[in-house]
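Here's the structure, in structure tokens; my notes come after.
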Amino acid sequence: MLFKVLVEHSMRLRGVSSRNGKIGIIKEFLRKLTAKEAVIGVNYISGRIRQGKLNIAWKGLAELSGNVVERARSPSLVQVDRFIEQADAARGQEKIKVLKPLFAQLSKEEREYFVSLIIGEVQQGAGEGLVKMAVTDFFGLSNEEMERAYLQKPDVAELFSLLLRRGKRAIGSLGIRILSPVKPMLAQIAKSLDDVYLENDEFALEHKLDGIRIQIHRQGDVVKIFSRHLKDITSHFPELVQNAKKLPVNRFILDGEAIGVDDRRRPVPFQVLARRTTRKKDIDKIRHQVPVVPQYFDVLCADDEDLTGKAYAERVRILHDIVRKKTYLTAQKKPIGKNDAVGFYEQSLRRGNEGVVVKLLESEYRPGKRGKSWFKIKGTHTIDCVILAAEWGHGRRRGLLSNLHLGVLDETRTKYLMVGKTFKGLTDKMLQWLTDNLPRHKVHEDRWTVFVKPVIVVEVAFNEVQKSPKYESGVALRFARVKGIREDKSAVEINTMVDLEKMTKVSLRG
DNA sequence: TGGCTCTGTCC
DNA sequence: CTTTTGT
DNA sequence: ACAAAAGGGACAGAGCCA
């Protein structure tokens with residue numbers, strides 16, 4: 001297949017809004033793929049490359065896009081893949097050099113598509129999710145069959161290739177397997193405990209810890225740890241590997257959270273733990289500076305038995321049999337009445353955790369699903385901020401002022417200090433209002449940003465304050481989102497750094 | 001060597 | 001990670 | 001219910017340059 005055929009299908013996807021329409025287009029595309037192109041093509045139509053990330057993105061590719069078009073003659077998918085393969089192997093500027101001859105062959109549309117593919121921002125209203133549905137449909141599989149196959153091989157491109165070569169029977173025997181990562185189950189957001197209480201009776205609560213999701217596999221002496229996005233992070237956490245090897249069961253898959261702890265075993269801020277997320281050098285040093293402890297909360301597999309179909313309550317019993325040590329288990333409780341539940345939630349927050357997760361006792365483990373059996377409830381703060389600037393949006397927000405720079409008053413109430421940005425929580429209507437009204441207060445602007453006099457007030461929710469190395473205030477709001485535009489409030493009435501310090505009980509500044 | 005920019009990976 | 005929008 | 005697309009923050013590592 002020629003690269004331009006792929007680009008044509010992507011354009012068509014962009015032009016269709018219905019999901020069934022998109023699936024139809026993807027199926028047409030799949031039909032045109034040869035066995036050799038299968039993995040490459042399915043990755044591309046999902047908006048990804050099989051090599052993952054190249055360490056070049058929009059900045060690095062920008063200079064290539066500027067090049068003069070010579071003679072566009074669309075390369076094949078396999079040829080494109082070979083260029084990417086070379087770029088992946090190269091270092092530094094060499095990566096760009098390697099791609100130059102490819103760019104010389106590409107038309108304008110193909111270049112733009114290629115860039116979006118490399119940086120992972122193909123915007124066609126279809127991603128791996130829809131491609132998965134299309135593949136299911138293409139081979140006449142039931143959803144169950146696909147889900148079971150996806151359990152063992154959470155990679156649609158690989159599955160498509162397998163099905164193309166060997167047919168349906170190739171996935172018949174697939175299922176959960178130790179040392180092969182499984183998409184972790186996710187929790188749905190709930191506003192409060194009341195929401196959950198209205199609908200469900202039979203559940204337990206767990207402390208929600210602010211750490212890194214870990215899935216630990218053990219097969220005898222071999223231990224592997226996978227992240228939420230199924231990256232192999234085994235080498236980052238040697239203490240967790242050791243811990244897993246000491247457990248009295250030889251073969252298992254455990255689900256949990258790795259948390260950083262201080263010398264009194266209290267959780268450290270996520271920011272501190274983050275030092276270990278991509279750390280490669282001096283692991284021996286960092287593991288003592290920021291020690292990590294596992295907090296397991298589920299088991300997917302024990303002694304080669306797949307437990308995902310068993311009830312949560314039963315799985316937890318099995319988990320507690322494997323991990324005897326209480327300090328390595330996530331605090332859990334079956335509340336007796338609502339007051340009890342609220343007490344547990346507040347206790348969790350007092351201990352420096354994010355909140356609680358509510359889990360239905362009878363629920364199965366549904367890999368990769370954000371189902372209606374796990375609900376997370378996180379502690380939230382709300383303040384009033386002033387808008388200091390707004391950046392022009394992209395994609396469906398093109399032409400609208402979108403990303404807001406937020407400020408609060410300093411302790412003397414004379415100066416506004418920036419504490420972060422947000423684009424979340426804004427409805428189309430609010431975006432339009434901001435675009436209509438903010439420019440009236442413009443002080444100056446550049447290509448991306450309109451800076452305004454601090455007059456428009458917004459109510460902002462956030463979960464935590466972080467120490468910021470880049471903002472003058474020394475502080476950044478974590479997960480900031482707009483709750484509403486406060487046309488009734490003036491900029492002198494907004495919150496201050498002191499308010500922030502009080503409500504989060506974190507000492508800001510130094 | 002130290003500082004800068006860019007990138008990827010956690011949340 | 002959170003939120004809105006659309007099917 | 002599900003998928004996609006709007007983009008936020010901190011960190012470490014890779015490269016580059018003075």
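Proteins come first, then strands; the chains are lettered A, B, ... in the order of their sequence lines, and each starts at number 1.
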(Q) Under the criterion ring-ring contact (aromatic ring centres under 6.0 Å, His included), I'd like the reasoning laid out for Phe297(A) against Tyr312(A): C-alpha separation, chi angles, the key distance, then a yes or no. (A) CA-CA 10 Å; Phe297(A) 51 68; Tyr312(A) 161 75; 9.1 Å; no
Q) Which part of the nucleic acid, if any, lies within reach of Ala126(A) when heavy atoms closer than 4.0 Å are counted: base, sugar-phosphate only, or nothing? A) sugar-phosphate
Q | Protein-nucleotide distance (Arg276(A), atom CZ; dA10(D), atom C1'), rounded to Å | A | 17 Å
Q) How would you label the contact of Glu121(A) with the nucleic acid (heavy atoms, under 4.0 Å): base, sugar-phosphate, or nothing? A) nothing
Q. Which nucleotide sits closest to the side chain of Ser18(A): dT7(C), dA6(D), dA10(D)?
A. dT7(C)
Q) Using a cut-off of 4.0 Å on non-hydrogen atoms, how would the nucleic acid contact of Lys22(A) be classed: base, sugar-phosphate, or nothing? A) nothing
(Q) Under 4.0 Å, counting only non-hydrogen atoms across every strand here, what does Asn20(A) touch: a base, just sugar-phosphate, or nothing? (A) nothing
Q) Between dG6(C), dC16(D), dG9(D), which nucleotide has the shortest distance from any of its atoms to the side chain of Arg19(A)? A) dG6(C)
(Q) Taking salt bridge (charged side-chain N to carboxylate O under 4.0 Å, His left out) as the criterion, tell me which of Lys153(A), Arg366(A), Lys369(A), Lys183(A) meets it with Glu147(A). (A) Lys369(A)
Q: Would you classify Ala476(A) as touching base, sugar-phosphate or nothing, given that sugar-phosphate means primed atoms plus P, OP1 and OP2, and contacts are heavy atoms under 4.0 Å?
A: sugar-phosphate
Q. Contact class for Leu426(A) (heavy atom, under 4.0 Å): base, sugar-phosphate, or nothing?
A. sugar-phosphate
Q) Under 3.5 Å, is there a donor-acceptor pair linking the side chains of Gln124(A) and Ser10(A)? A) yes
**Q.** Selection from dC16(D), dA4(D), dG13(D) that lies nearest to any side-chain heavy atom of Leu130(A)
**A.** dA4(D)
Q: Indicate whether OP1 or OP2 belonging to dC2(D) is found under 4.0 Å from a side-chain N or O atom of Lys132(A).
A: no
Q | Lys280(A), nearest nucleotide to its side chain (from dA10(D), dG13(D), dA5(D)) | A | dG13(D)
Q | Interatomic distance, Arg370(A) CZ vs dT2(C) P [rounded to whole Å] | A | 8 Å
Q | Identified side chain to side chain donor-acceptor pair (under 3.5 Å) counterpart of Glu206(A) within the set Gln332(A), Lys359(A), Lys376(A) | A | Lys359(A)
Q) Which parts of nucleotides 2-11 of chain B does protein reach within less than 4.0 Å, heavy atoms only, written one letter per nucleotide 5' to 3' as B for base, S for sugar-phosphate only and - for none? A) ----SSBSSB
